[in-house]
Amino acid sequence: MKLNIADHIPENYTQLKDRELVHKYRKENDQLAFRELMNRHQAKVYSYIYSMVNSREVTNDIFQETFTKVITKMDDTYNEQGKWIAWVMRIAHNATIDYIRKQKRFVDVSSNYDKESNTDFYDRLPDEDSVGQQEQLEIDESTSSLLRHISELPEEQRTVVMLRHYYEMPFKEIAELTDVSINTALGRMRYALINLRKMFEEESDKESKKV
Amino acid sequence: MNTEDTLGVKYIYGELDPSEEVIFEREISENEDLMIEVESMRETQKRLEKLPLIDPPPEISGKVLNFLEKKNERSDRTHAYIYLSVAASLLIAVLSGGYFYMSDATGSQEKNSIVSEASGGNSSILKFNTDKQDLQQLSPWIDKNDVIHVNDLYNRQTGELEESVFNNTFHKLTPVDRFQQNFGVSRDFQLTGSRN
């Protein structure tokens, strides 16, 4: 069964702010409001989880777990003071970190890089359906390279990069979410950017040598 | 990691205060190494903007929405139960209150106690009290003033005494020898068995 989540959402819902939608859902039990919220943010949540665990199957599980918790806890745990998406992200982040800790290892994508076939982890991801195949095709070479480099970053740095990129989360919030000081969060971002820069340069050097 | 090192990150992500930004930009213009580092980070940050957004598979979103619907159905049922319970409780409370109020009101109206004074003997007085609640609970009894109390024996519609109840009441009493079968309010009716 394939559902388009944006189906049947009235246009006026798309003009409402997150907090208004949250209020409608909580007070009026308006499912369309929740659909619109999910429609707005699900790709970011999914992308973040995916970037952290590098597995579609696991991402699907964590994504479902995240939104199940969101639906269950929205009535009581969430207070409408903070941003809804930041609260959702906290749940997604915790679920992701829980999974990684349970695995007791971080997915080391670099070790999965096959030099002979010149394919990386993302190239070899099993496609589950046509959407996956299409998505795979849409990722161009530079993006694939970018994803590979990001996956090579230490998990702490990758977390900061992804939270900042997908959620435009202020570093103060990232620090709170990851339970570190703001300077540590900023420092991790700085090292992540420096490391990525080095990776791009190395890659560029290799390509120029090939030529 | 000192604060100086992290200012560059805050700068490229627009998290410096305007005053801090002015100071930092002045610093950049005076420090070539810092300028190179900041520009390098900015370039990498721009590359990160190309990161693709990946939509979840529709069936996964569908599962979440199914869960949402089921949860709301459960919630609706729970709310319905709560509302029904509250409504039922209120109804019972209102009916009970109304019943007690009405019975009290009619009781006060009907408490037209009929006092039948027995003739002769020890001058016992038969007092009919029309309190319906007491009727079911109390047998005729005699208080310290030798007044026999029988509850709710007065028929409001007919204006007469309820004979059957009265008879039943009578059986529980000990009639005197000159007993006369007269249920009306009569001076010929004498009851004893109280204090003799």
Side-chain angles (χ1 to χ4, degrees), chain A residues 1-5 29 31 34-35 38-39 42-47 50-51 56 59-61 63-64 66-68 70-72 75 128-129 131-132 135 138-140 142-143 146-147 150 161-162 164-166 168 170-172 182-194 196-197 200, chain B residues 1-17 20 24 28 33-80 82-83:
Chain A
M1 179 183 61
K2 298 210 169 190
L3 293 175
N4 185 352
I5 196 171
N29 206 18
Q31 289 189 42
F34 190 88
R35 273 175 177 259
M38 202 171 151
N39 188 42
Q42 63 170 352
K44 290 178 180 179
V45 176
Y46 193 85
S47 302
Y50 185 57
S51 69
R56 242 194 213 287
T59 303
N60 289 345
D61 289 345
F63 178 83
Q64 255 186 277
T66 298
F67 274 96
T68 303
V70 167
I71 291 167
T72 310
D75 288 337
E128 292 173 356
D129 49 35
V131 176
E135 181 185 285
E138 283 172 359
I139 297 176
D140 59 24
S142 65
T143 307
L146 178 60
L147 286 168
I150 288 171
V161 170
M162 293 305 174
R164 180 68 204 194
H165 173 73
Y166 284 123
E168 297 178 355
F171 287 105
K172 191 183 171 199
I182 187 169
N183 265 352
T184 302
L186 286 164
R188 285 176 180 175
M189 189 70 185
R190 178 171 176 266
Y191 281 127
L193 293 173
I194 291 170
L196 284 170
R197 174 77 180 180
F200 289 136
Chain B
M1 181 70 55
N2 59 43
T3 312
E4 288 291 310
D5 293 333
T6 59
L7 279 177
V9 176
K10 286 180 98 174
Y11 175 70
I12 62 170
Y13 282 99
E15 285 201 8
L16 285 180
D17 294 336
E20 288 176 322
F24 190 73
I28 289 173
D33 290 340
L34 182 61
M35 183 188 284
I36 290 169
E37 182 180 322
V38 168
E39 285 309 312
S40 163
M41 285 195 296
R42 196 201 299 273
E43 196 178 312
T44 310
Q45 179 233 343
K46 281 181 182 171
R47 284 199 186 201
L48 285 174
E49 288 173 2
K50 292 179 184 171
L51 270 175
L53 274 176
I54 307 167
D55 278 317
E59 59 268 25
I60 298 297
S61 303
K63 283 180 182 175
V64 172
L65 293 176
N66 285 340
F67 179 80
L68 173 72
E69 284 174 14
K70 283 179 185 171
K71 189 251 175 190
N72 284 337
E73 280 172 15
R74 283 198 302 269
S75 175
D76 287 346
R77 278 203 297 273
T78 308
H79 285 141
I82 292 170
Y83 291 142

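Side-chain atoms are counted along with the backbone in the values below, which use heavy atoms only and exclude waters and symmetry mates.
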Test side chain to side chain contact (heavy atoms under 4.5 Å, CB included) applied to A/T59 and B/I54, step by step: CA-CA 11 Å; A/T59 303; B/I54 307 167; over 6 Å; no

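- Within 6.0 Å of CD in A/E168 there are 12 or fewer heavy atoms belonging to other residues, nucleotides or ligands.
- The CG atom of A/L146 lies 5.5 Å from the CG atom of B/L48; values are rounded to the nearest 0.5 Å.
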Stepwise side chain to side chain contact (heavy atoms under 4.5 Å, CB included) check, A/R190 with B/E37: CA-CA 10 Å; A/R190 178 171 176 266; B/E37 182 180 322; 2.7 Å; yes

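- Residue B/V64 forms a side chain to side chain contact (heavy atoms under 4.5 Å, CB included) with just one option from A/I71, A/V70, A/T66, and that option is A/I71.
- B/T44 places no side-chain N or O within donor-acceptor distance of the main-chain N or O of A/L196, the cut-off being under 3.5 Å.
- Within the model, atoms CG of A/N39 and CG of B/D55 stand 8.5 Å from one another, a figure rounded to the nearest 0.5 Å.
- Taken from CG in A/N183 to OG1 in B/T6, the straight-line distance is 4.5 Å, to the nearest 0.5 Å.
- Across all non-hydrogen atoms, the minimal contact from A/Q42 to B/S61 is OE1-OG, 2.8 Å.
- Between B/P57 and A/N60, the closest side-chain pair of non-hydrogen atoms falls below 4.5 Å.
- A distance of 9.0 Å separates CZ in A/F34 from NZ in B/K71, rounded to the nearest 0.5 Å.
- Heavy-atom distances place no part of A/V45 under 4.5 Å from chain B, backbone and side chain included.
- The heavy-atom pair separating A/S47 from B/P52 by the smallest distance is OG-O, 4.1 Å.
- Of the charged side-chain nitrogens involved, none lies within less than 4.0 Å of a carboxylate oxygen, so that B/E15 and A/K172 do not count as a salt-bridged pair.
- Side-chain contact check for B/M41 versus A/M189: every heavy-atom pair is 4.5 Å or farther apart.
- The greatest number of non-hydrogen atom pairs below 4.5 Å with chain B, out of A/F200, A/Y166, A/F67, is found for A/F200.
- Taking CZ of A/F63 as the reference point, atom CD1 of B/I60 lies at 8.0 Å (rounded to 0.5 Å).
- The distance from atom CZ of A/R35 to atom CG of B/L65, rounded to the nearest 0.5 Å, is 4.5 Å.
- Contact of the B/F67 side chain with the A/T72 side chain is registered, since non-hydrogen atoms from C-beta on lie closer than 4.5 Å.
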